[in-house]
Structure formats: C-alpha cells, structure tokens
Visitor: 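Let me begin by handing over the structure; questions about it come next.
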Amino acid sequence: MKYTYFFGPSLTEGNAQYSNLLGGKGANLAEMSNMGLPVPPGFTITTEVCNYFINYNDFPPDLISQMNSNISCIEKQMKKKFGSAENPLLFSVRSGSKVSMPGMMETVLNIGLTELTVRGLAKASGNNQFAYDSYRRLIMMYADVVMEKSNNIQAHDNLGIRSDLESFMDLYKKKINCYSDSQLSGDDLKNICLEFKKIIYKKFNTRFPDDPYVQLRESIKAVFKSWNGERAINYRNIENIPHDMGTAVNVQSMVFGNLGTNSGTGVAFTRNPSTGKNIFYGEWLENAQGEDVVAGIRTPNPINEDSRSGNSNEPITLEKKYPDIYNELYTIKEKLEMHYRDMQDIEFTIENKNLWMLQTRRGKRNGVSSIQIAIDMNKEKMINEKELLNRISSNHLNEIMLPCLDPAEESNEPVIAMGLPAGPGGASGKIVFSADTAQKYHDNGLSVILVRKETSPEDIHGMFAANGILTSRGGMTSHAALVARGWGKCCIVGCSKVLIDYNKKTMTIGTNKFKEGDAITLNGTLGAVYGNKISLIDNKIHDNDQFNQIMQLSDQYKRLGVRANADTEKDARTARKMGAQGIGLCRTEHMFFSPNRILTMRKMILANTTKQRLEALNELLPHQQKDFYDILKAMTDYPVTIRLLDPPLHEFLPTSKKQIEFLAKKMRISFQDIKNIIDDLHEVNPMLGHRGCRLGITYPEITKMQATAIFNATEQLIKDGFKPKPEIMIPLIGTDKEFIHQREIIDSVYHKGNYDFQYMVGTMIEIPRACLVAEDIANHADFFSFGTNDLTQTTFGYSRDDIGGFLKEYISKSILENDPFASIDIHGVGKLIERAVKKGKENNADLKIGICGEHGGDAKSIHFFNKINLDYVSCSPFRVPIARLASAHSNL
Ligand code: ADP
Ligand code: MG
Ligand code: MG
C-alpha cells in the first residue's frame with residue numbers, strides 16, 4: 001500500500017483533490033508545488049495511516065521503509081543529511097486533516113537536532129545563536145506536544161511543561177538583563193537548552209531523545225494521538241466534523257526564519273478577512289519561526305501599510321524593508337487567488353532573503369467579509385452568480401442582520417481601550433477570565449465576555465459560549481481571531497492596555513479596575529472596548545447594498561414563495577420590508593388580548609345564551625374588522641392567510657380572584673356562577689381539547705363573526721383603492737366533514753353579504769389524520785398550509801413545551817438526530833406531508849400548498865419543502881431573508 005506522497009520541486013505525487021487522503025495542508029502543499037511555487041520538499045503520510053495507528057497503536061509494517069526512501073529523496077534535493085554531524089537536514093512534523101482545525105493538532109519544528117547535530121548546524125550556518133535557538137524551540141515543542149499532551153498528561157490552567165520552560169527562560173533573561181529572545185547569545189541559549197532538558201527529566205522521568213529518528217517517529221505518533229485528544233474531539237463535536245476522518249501528517253524539510261535579520265516568518269490573507277475588501281493583509285516577524293506569529297507571543301508587524309492597525313509607532317513593513325520579497329509574495333498571492341478562485345490564508349517564511357511558501361488554505365472569514373468577497377469575485381469574473389450565492393450561508397446572512405451597539409449609547413461611553421477588530425458586531429456582557437466560567441455563566445443564561453491574555457485550543461468551549469472575546473495579546477492571525485472569525489463572533493485581540501490577573505480574577509485598563517462579573521462592551525467592528533453595558537440594536541439592514549444585492553439574486557434563482565407569519569400591522573410591515581410575498585399565517589387570537597377587548601372576549605366565552613354571545617361578538621366585530629383592514633392594507637397585492645380562532649378558550653379566562661370579581665360585576669352575575677363556568681371549561685389536556693375548528697363547530701357564531709370581519713375589511717379596502725387578497729384558514733381539521741361544516745358558514749356569510757371579490761378557504765394541516773385523508777379534504781379546500789409545529793407534536797406525540805426534558809438525552813444517544821421542532825423530521829413527519837401533497841393535488845390540481853411552522857425558516861427543512869414542490873414557506877419576518885437565500889440554494 002502507498003502510505004506516503006512526496007511533494008517538492010522535482011516530483012509531486014498529490015494535488016488539491018487528494019484532501020481525503022492527504023488532509024487539507026498536505027493536498028495544498030502538493031498543489032502549490034505543482035504550481036511551481038517555492039515549497040520546501042517533504043512528504044505526506046496519509047489519513048489511512050492515522051486510522052491504522054488508532055486501531056493497532058502501531059505503524060503499518062511498510063511505512064518506515066517508504067518514509068526512508070522519501071527522506072533520501074529530500075536529502076538529495078536539499079543537499080543535507082538527516083542526522084548528519086556536518087550539515088544536518090531538519091524536519092517539521094505538521095498535522096493536517098481534511099477540514100482545517102486551527103490550532104487543534106500540533107506541529108513540531110526543528111526535528112533532527114541532537115547534541116551532535118546542533119553543533120553541525122552551528123558550524124554549517126556559522127551562527128551559534130541560530131542553532132541553539134532552533135534547538136531550544138525543538139526541546140520546548142517536543143516536550144509540550146509529544147512528551148506531555150500526547151501522553152494525556154493534563155496540565156492545569158495551561159500550566160504544563162511549556163509554561164515551566166517559558167518561566168525558566170523568562171527568569172534567565174531577567175537575570176542577565178535581556179528583554180527579547182533575539183538578545184540571547186548562542187551560549188545563553190546553549191545553557192537554556194541544558195536546563196530545559198533537566199527540567200524535562202525531572203518532570204517526566206524520561207530524557208529528551210537524542211536520536212533524530214526517535215524524534216521523528218514519536219512526533220508522528222503524537223500527531224496521530226492528538227486526533228483523539230479531548231480538545232480535538234470537542235472541536236469536532238461543535239463543528240460537526242466526523243470522528244473517523246483521521247489526520248494526515250506532513251514531514252517537511254525546515255526552512256529557517258530565525259537565521260537573523262534577513263529572515264522572518266509571516267501569515268497573510270489574500271484579502272482582508274474582517275471586511276472582505278480586496279486588500280492584501282498580513283503580519284510578519286523578523287528573525288522568528290512561524291509559531292511565534294500564531295501563538296501571539298510577540299506582536300507581529302504589518303506586511304504593508306494597509307495592514308497597519310492604526311498605532312502609528314508600529315515597526316517597519318515587509319513592503320518597505322524588503323520590497324523584492326514583498327513583490328514576490330504579492331505575485332504569489334495573485335496566482336493563488338486566481339488558481340483557487342477564493343480568498344486564501346497563507347503562511348510563509350523568509351530564509352536569508354529567500355521566500356518559501358509553507359501553507360495555503362481557504363481563508364476563514366465572517367459573514368460581512370464572505371458576502372463582500374463573493375460579490376467582488378463575481379464582479380471580477382472569478383465566479384458566476386450561482387457560485388456567488390452558494391458561497392453565502394444562512395449564518396453569514398444572519399450575522400449581518402445581527403444587532404450592533406446602540407450608537408447613541410455608544411457615543412456617550414468613553415472608549416477605555418482599543419485593540420484589533422478581529423470579529424465585527426457588538427457584544428455586551430459580564431467579564432469572565434476562564435473558558436469554564438464562561439460556559440457556566442452561559443448555561444445560566446448570562447451574556448459573557450471572555451477575557452484572556454491569549455486563547456488556545458483548550459478554551460474552545462468557553463469561546464463558543466461567550467458573546468464576545470477580548471485578548472490582550474496576539475494579532476489578526478492569532479488563535480482567538482481565527483476561531484472568532486470562523487464563527488462570526490464579536491472579538492477584539494491584541495488589546496495591550498488590558499492587564500489581566502488570572503489568580504485574582506481582575507483586569508485593569510488604565511485607571512479602571514474590573515473583576516469577574518463586571519459588565520463591559522465590545523465593538524468588534526472598531527476594536528473599541530467600553531467599561532459599561534451598552535444596549536444592542538438592530539442593524540439597518542435595508543440600507544445595506546450587499547444585503548439587497550444578495551436578496552435580489554436569491555429571488556432570481558428561487559422557485560418557492562416566501563411568506564411571513566405576522567399577527568399585527570407592524571409585523572406585516574416588517575415582513576414586507578424583509579421581502580415577504582404575503583402572510584402565510586395571521587393568528588387572530590392575539591387580537592383579543594388587548595385590555596379593551598379581553599373583557600368582551602370573556603363575556604363572549606362566558607355567555608349563557610346564544611343571544612348573549614351574539615351581543616359580545618357584535619362588540620368584537622369592529623375591532624377585528626379594523627385589525628384585518630390594517631393587515632390586508634399593509635400587504636396589499638399580496639395574499640394574507642388569516643387563521644380563525646384556534647386556542648382553547650380557557651386561555652382567555654381570568655385566573656385571579658380579583659379579575660373574576662371584576663368580571664362578575666361587569667356581567668352582573670354572581671362570582672360563584674362565573675367560577676362554575678370557568679371550572680366547567682377546565683380541560684385535562686387542553687392541547688387536544690376544545691380548540692381549533694372544534695370551537696367554530698360548537699359556536700358557529702364565532703366563525704360567522706370572523707368571516708364577516710374579514711369580508712367587510714376586504715370590501716372597504718377595495719373601495720379605498722387597495723388590492724386585498726384574503727385567504728381564510730380553518731385550524732386543526734381532522735376530517736373532511738369538519739371542513740365542509742366551516743366552509744359552508746364562511747361561504748354563506750359571503751353570499752348573504754352580497755360581496756364581490758375573490759377569496760379562498762383552506763385549512764391548516766396539523767394532525768396526522770388530516771394527512772391521511774388529504775384527498776377528501778382537498779375536494780373542498782382551496783389551499784393547505786402545513787402547521788408543522790403541531791404536526792410534529794401530534795405525529796411524535798411529543799409535547800413541544802416539554803421536549804426539553806429528554807431532548808438532550810435523545811440527541812446524545814443518537815435516538816434523534818436533531819430537535820424535530822427546529823428542523824423537519826423528513827423521515828416521519830415529512831412522509832405524512834409528502835403523502836398529503838401528492839393525494840391532495842391528485843384530487844385538486846389547483847390546490848395551493850405552503851407551510852407555516854417554525855420550519856419555514858430553517859434551511860434544511862426548506863430544501864425538503866422545495867424538493868416536494870410546495871408553493872411557499874412562511875416564517876417569522878426576521879427569518880424571511882434567510883428563507884429567501886435557502887430557497888435559492890435549494891434550487892441552484
Ligand atoms: P498550524 O496548523 O497550526 O498552522 P502548521 O503545520 O502550519 O500548523 O505549522 C505552524 C507554523 O510552523 C507554520 O506557519 C510555519 O511558520 C512553521 N513551519 C511549519 N513547517 C515549517 C517548515 N518546514 N519550515 C519552517 N517553518 C515551518
Ligand atoms: Mg497546529
Ligand atoms: Mg499553519
């Protein structure tokens with residue numbers, strides 16, 4: 001079997017298509033080599049080896065010999081030898097699974113340095129300092145990743161071997177009055193290496209291996225093991241990444257960014273990942289190895305003027321210092337974008353003024369930048385309209401619709417610190433200093449801002465739980481920035497004014513002191529930190545050109561109609577603004593709860609005689625008529641589906657003694673009489689009780705009154721020059737007889753009233769029996785609208801108000817895939833719907849069919865509804881844009 005794939009200038013065996021086998025990093029290293037870009041040669045060990053290793057805790061028999069032949073091939077190209085005492089070849093061992101998991105898996109650099117070879121490296125480079133700097137890095141990373149983490153030794157609060165070694169080094173620097181790593185001499189570093197090894201031996205009771213091949217082998221194993229580390233598993237769970245995918249390992253010859261001031265390393269994005277603007281954006285560090293940039297240990301320099309973050313005293317750009325190298329990098333950036341037709345996140349190293357490419361991958365981005373980039377690339381003719389739409393997810397759209405800080409409040413708050421704007425939007429919440437606390441606060445329903453010096457993969461769960469993230473160190477390519485960007489979370493990094501004391505759980509910004517639980521606010525778009533709570537408000541989405549463009553394109557490509565659920569004129573206006581093509585569900589019961597109507601409603605319910613009831617209904621009529629007038633007017637030209645009274649009557653009744661007394665007085669009957677009627681109306685299971693069309697059947701005068709109100713309003717609107725399109729929906733139908741009964745009442749109101757306009761009468765399909773006799777109902781109905789909330793409830797027999805009691809268990813035990821009230825259960829409930837659609841249309845070809853449950857705003861459910869050929873979906877007004885986009889997606 002072939003376990004290894006070579007890449008390099010002379011020979012490359014893989015390409016970008018091989019990401020299952022080679023992981024994203026390996027496949028793209030191969031692709032860049034194929035493109036003729038300068039990639040240090042190496043080879044990728046396949047994900048199959050990872051799965052083999054996890055099963056057998058060993059390498060497959062043939063792997064070592066395949067590796068050896070790859071190594072000799074690299075040795076020839078690099079003219080160095082692995083383990084040589086004269087001119088040693090060093091390797092990096094880099095993990096890389098198919099899906100990028102930033103920082104999840106570990107990288108070990110400078111493998112192959114031993115007591116012997118480090119002297120060889122010093123001699124060959126003529127640079128003692130460089131050789132021992134590389135050696136101390138190897139010792140540190142190896143101890144951390146291979147000796148500690150991959151052996152599942154849990155370090156508390158990040159205080160593992162790495163922190164032991166870092167503290168020792170800090171102490172050493174203090175002792176000799178030296179402030180930066182680069183001031184350490186070769187001899188200093190040599191001493192540090194010696195001490196490092198002692199600390200390691202003391203901690204683990206094993207020696208740091210002095211054999212290049214042992215280092216290589218154990219590092220590869222550590223990468224494989226880390227696939228099943230707790231952090232990696234957590235991340236995969238959050239991101240829904242399958243656990244059996246495995247990771248590949250890249251063994252690559254080292255190039256050195258720490259060879260002095262003519263060397264360096266950096267990370268860049270081919271476009272600005274926060275704004276999406278087509279501006280090359282990146283950071284670099286002189287005389288450093290790659291991990292320094294990503295880990296946020298030193299604050300990096302901008303690669304060009306556009307990448308400056310506002311601080312005027314920042315050091316010199318790559319563009320100024322080495323224009324030739326910058327230009328070469330710029331050309332490569334253009335090539336990569338043209339080739340991949342997407343924004344790339346690249347890593348590079350400069351060794352003695354030679355540029356090497358170490359990685360390219362699809363750049364993570366937030367919603368704002370995703371949309372900007374897709375629109376720009378379409379304009380630049382890199383992608384077509386369909387690709388443009390496909391690159392925008394409902395999450396992206398959601399993000400730009402999300403709330404931002406109230407500008408009025410914000411302008412009154414002083415900015416207490418500025419950092420780098422890593423994730424846009426606003427967030428306000430209580431400060432916490434650890435991921436676990438963030439999780440705890442979040443579980444208690446509190447908004448939190450996670451404040452850390454820098455974040456690491458151990459913090460993932462807390463970052464996920466937090467409303468916003470603030471770090472005092474790190475740049476735009478630090479761990480915190482990358483993760484926040486992927487999730488579209490508000491995030492500010494590198495805010496150096498923030499001084500954190502983890503032990504005391506306090507933070508100081510200038511003269512402001514904060515403790516855990518105090519409120520702060522972040523403006524992630526600007527990078528501004530405020531020392532108080534600031535309210536969040538809606539984004540002015542309709543003024544956003546990008547939003548409008550995406551919506552227009554979505555409408556062009558979608559087939560499904562998108563309506564909104566709206567009960568009031570105000571909601572109806574919002575729905576129109578959001579692009580709803582009608583109202584799919586207008587509930588009438590909410591109209592009865594306002595203080596001046598509830599009394600009449602109660603009188604109606606408690607009426608002893610039909611006459612009394614009619615009197616009360618007559619009082620309600622003008623109110624209803626006015627409501628319908630306003631809603632139909634707001635939706636002129638578009639249909640409005642009005643559902644007749646649905647909830648159990650007791651929901652309208654008074655509960656307190658005081659309320660009952662008041663009502664008794666108003667109705668001039670005794671307290672006890674009213675109490676008795678209320679007790680009579682009590683039901684054991686109101687959800688399945690006297691409600692829906694059952695009300696209209698026992699009290700036909702209610703249906704009559706509602707139909708009259710709708711028709712009067714329609715007539716008036718036509719007179720006033722509008723184009724109302726009323727659709728009357730009868731709830732909770734289970735037999736065709738029920739439907740016929742109610743329809744007759746409505747039709748006779750129409751005929752007796754001498755009206756003259758079009759209207760429709762249909763039903764909400766929300767109990768399984770209606771699906772099973774849909775053909776009979778369709779003989780009499782003009783439309784069906786699936787009420788998928790109740791249909792899910794009655795099909796599963798799960799009360800939607802009580803599912804919380806067991807849903808978590810069900811999902812964790814894989815009994816349910818997800819919450820069936822959030823995303824339609826295609827397999828069960830979906831089958832009923834499909835049947836009803838098919839049989840309904842067979843008997844009535846003109847039958848209009850839509851859905852009006854929560855599922856109407858869920859992308860996955862929308863795909864299903866599109867597939868089974870519904871006419872429209874209806875969802876809450878704020879989900880309408882997402883439904884429009886999802887409808888387009890499912891039709892592309
Ligand atoms: P991550 O997945 O965390 O980005 P990488 O495998 O990309 O991990 O390694 C992190 C950094 O280590 C790289 O950005 C690069 O700067 C450095 N690095 C990796 N391989 C090499 C190499 N062969 N030569 C020099 N530096 C390297
Ligand atoms: Mg890594
Ligand atoms: Mg990388």
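Whatever order the structure lists them in is the order used to number ligands and atoms, beginning at 1.
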Visitor: Hydrogens and angles aside, do Gln344 and Thr270 bring a side-chain donor and acceptor to less than 3.5 Å of each other?
Guide: no

Visitor: Which residues pass the salt bridge (charged side-chain N to carboxylate O under 4.0 Å, His left out) test with Lys321, not counting sequence neighbours?
Guide: Glu286

Visitor: On the 0 to 90° scale, with breaks at 30° and 60°, tag the Tyr326-Phe280 ring pair as parallel, tilted or perpendicular.
Guide: tilted

Visitor: Give a yes/no verdict on whether any heavy atom in Pro40 is under 4.0 Å from an atom of ligand 1.
Guide: no

Visitor: By number and element, which atoms of ligand 1 are closer than 4.0 Å to a non-hydrogen atom of Thr265?
Guide: 16 (O)

Visitor: So, Asp133 side chain and Gln129 main chain: donor-acceptor pair closer than 3.5 Å or not?
Guide: no

Visitor: For a distance under 2.8 Å, tell me if Gln359 has an N/O/S atom near the Mg ion (ligand 3).
Guide: yes

Visitor: Mind checking whether Met254 has a heavy atom under 4.0 Å from ligand 1?
Guide: yes

Visitor: Check each heavy atom of Val267 against ligand 1 and say whether those closer than 4.0 Å belong to the side chain, the backbone, both or neither.
Guide: neither

Visitor: Listing request: all ring pair (Phe, Tyr, Trp, His ring centres under 6.0 Å) pairs with a residue in residues 72-97, at least two apart in sequence or in separate chains.
Guide: Phe82-Phe91, Phe82-Tyr213

Visitor: Quick check: Ser95 and ligand 1, any N/O pair under 3.5 Å apart?
Guide: no

Visitor: Does Val255, backbone or side chain, put an N or O under 3.5 Å from an N or O of ligand 1?
Guide: yes

Visitor: When you measure from atom 14 (O) of ligand 1 to each heavy atom in Gln252, Lys25, Glu347, Arg361, which option holds the nearest one?
Guide: Glu347

Visitor: Based purely on interatomic distance, does Thr107 place a nitrogen or oxygen under 3.5 Å from a nitrogen or oxygen of ligand 1?
Guide: yes

Visitor: Sub-3.5 Å donor-acceptor pair from the side chain of Asp459 to the main-chain atoms of Gly462, do we have one?
Guide: no

Visitor: Could you tell me if the ring centre of Tyr142 sits under 6.0 Å from that of Phe208?
Guide: yes

